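Only a predicted model underlies this, so the values are computations on that prediction, with no experimental measurement involved. Throughout, protein chains are lettered first and strands after them, A, B, ... in sequence-line order, and every chain is numbered starting at 1.
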Amino acid sequence: MPELPEVETVVRGLNNLIVGKKFRRASFDNQKSFPNAPKDVEQFLIGAKVTHVRRRAKVILIELDTSYTLMAHLKMTGQFVYVGTDERFGAGHPNDSLIGQLPDKSTRVQFEFNDGTHLYFNDQRKFGWVRLIPTPEIPNIDFMKKVGPEPLDANFTAVNFRERFQRRPRSNIKAALLDQTVIAGIGNIYADESLWGAKIHPQRLVSSLSDHEFDDLYREVRAVLTLSIEKGGSSNRNYVNASGQKGKYMDFAKVFRREGLPCPRCGTTIEKIRVAGRGTHYCPHDQVL
DNA sequence: CACTTGACCTGTCCGC
DNA sequence: TGCGGACAGGTCAAGT
């Protein structure tokens, strides 16, 4: 999916585009994508107004002015795209090009607001979902209880970071970075990019890393995520923001999907291997076991 | 418990 | 252009 920067970008877009709007209709093409539908939709969604949109890890939380929240996970190929023609969405907006193009065959759930505008949940691979949850129950959901701290929180320190990894002492560092119960929000792209920045081989054992290396990794994780948010995330394949636009971080990637190309730091050819079941890109000169 | 692997889906790309 | 297989931004359940 979309990792932390992509989800953050979608959430910021939705906050600009759908806050204050009331749901008028919802339809779905696939039960898995919206397990509540159609049963709970009439009762808990129709007529509800969006008050705020937020993010926790890679989960999107669309808060309503009722006791329910519309929760969503984009997994690998999910998208939330708003298509409207109202005052917040004037002529010339890049999203204009999507009017009439959606829904398409990847559209799993269609929402219509009172003003006639639409929010589409698209998901080619159907791993993602949207769910209506009573707001007070959200903290009790298994994932929410187990998920680790937000790496960009102002009070999340290098010491906090290092201590979280004690949970996975015998795994390799890449698997630990991907483990959402250790740190929230990192996925395959930013794991590789951060490890390159910190000059740490993805297969190094967590227990073998020095405090100094953890400090470097902490800084790199935060720098990479921050830069990517600034660039609107990575559009490796499917990802688009809430206005249907691609992110630009891939233009700044140092190793991800750059196997066979020279390392921007030392010129050595970047290699791709398999670690933790995922394609993994690294510089064999700068990142050694 | 810590850790790894396969399953969930659809689409695309690459080698024959 | 067809076919088979590997692979794709994530998470779970089930296995060791």
Within this structure, what is the [atom1]-to-[atom2] distance between [X] and [N], rounded to whole angstrom?
X: A/Lys272; N: B/dC13; atom1: NZ; atom2: C1'; answer: 12 Å
X: A/Lys126; N: C/dC12; atom1: NZ; atom2: P; answer: 20 Å
X: A/Leu74; N: B/dC8; atom1: CG; atom2: C1'; answer: 17 Å
X: A/Arg108; N: B/dC8; atom1: CZ; atom2: C1'; answer: 13 Å
X: A/Asp123; N: C/dA8; atom1: CG; atom2: P; answer: 18 Å
X: A/Phe127; N: C/dA8; atom1: CZ; atom2: P; answer: 13 Å
X: A/Gln31; N: B/dC8; atom1: CD; atom2: C1'; answer: 16 Å

How far does the [atom1] atom of [N] sit from the matching atom of [M], given to the nearest Å?
N: C/dG5; M: B/dA7; atom1: P; result: 15 Å
N: B/dG6; M: C/dA6; atom1: P; result: 12 Å
N: C/dC12; M: B/dG11; atom1: P; result: 24 Å

Under 4.0 Å, counting only non-hydrogen atoms across every strand here, what does [X] touch: a base, just sugar-phosphate, or nothing?
X: A/Asn188; value: sugar-phosphate
X: A/Ser234; value: base
X: A/Phe143; value: sugar-phosphate
X: A/Gly187; value: sugar-phosphate
X: A/Gly128; value: nothing
X: A/Arg170; value: sugar-phosphate

Within less than 4.0 Å of OP1 or OP2 of [N], is there a side-chain N or O belonging to [X]?
X: A/Gln180; N: C/dT11; answer: yes
X: A/His73; N: C/dG10; answer: no
X: A/Arg278; N: C/dG10; answer: yes
X: A/Lys105; N: B/dG11; answer: yes
X: A/Arg167; N: B/dA2; answer: no
X: A/Arg168; N: B/dT4; answer: yes
X: A/Lys174; N: B/dT4; answer: no
X: A/Lys32; N: B/dC8; answer: no

Is it the case that [X] and [Y] place a side-chain donor and acceptor less than 3.5 Å from each other?
X: A/Arg222; Y: A/Thr226; answer: no
X: A/Arg257; Y: A/Asn236; answer: yes
X: A/Ser67; Y: A/Thr135; answer: no
X: A/Tyr239; Y: A/Ser234; answer: no
X: A/Asn241; Y: A/Lys246; answer: no

Remaining members of the apolar cluster that contains A/Val288, side-chain heavy atoms under 4.5 Å: none
Of the listed nucleotides [options], the one nearest the side chain of [X]:
X: A/Asn172; options: B/dT4, C/dC7, B/dC9; result: B/dT4
X: A/Ser171; options: B/dT10, B/dT4, C/dA8; result: B/dT4
X: A/Glu3; options: C/dG10, C/dT11, C/dA8; result: C/dG10
X: A/Arg274; options: C/dA8, B/dC9, B/dT4; result: C/dA8

ring-ring contact (aromatic ring centres under 6.0 Å, His included) partner of A/Tyr190, chosen from A/Trp196, A/Phe256, A/Tyr249: A/Tyr249
From A/Ser228 atom OG to A/Ile189 atom CD1, the distance as rounded to the nearest 0.5 Å: 7.5 Å
For A/Arg167, side-chain hydrogen bond (donor to acceptor under 3.5 Å, both in side chains) partners two or more places apart: none
Which nucleotides of DNA chain C pair, in dot-bracket form (Watson-Crick or G-U under 3.5 Å, | meaning another strand): .|||||||.|||||||
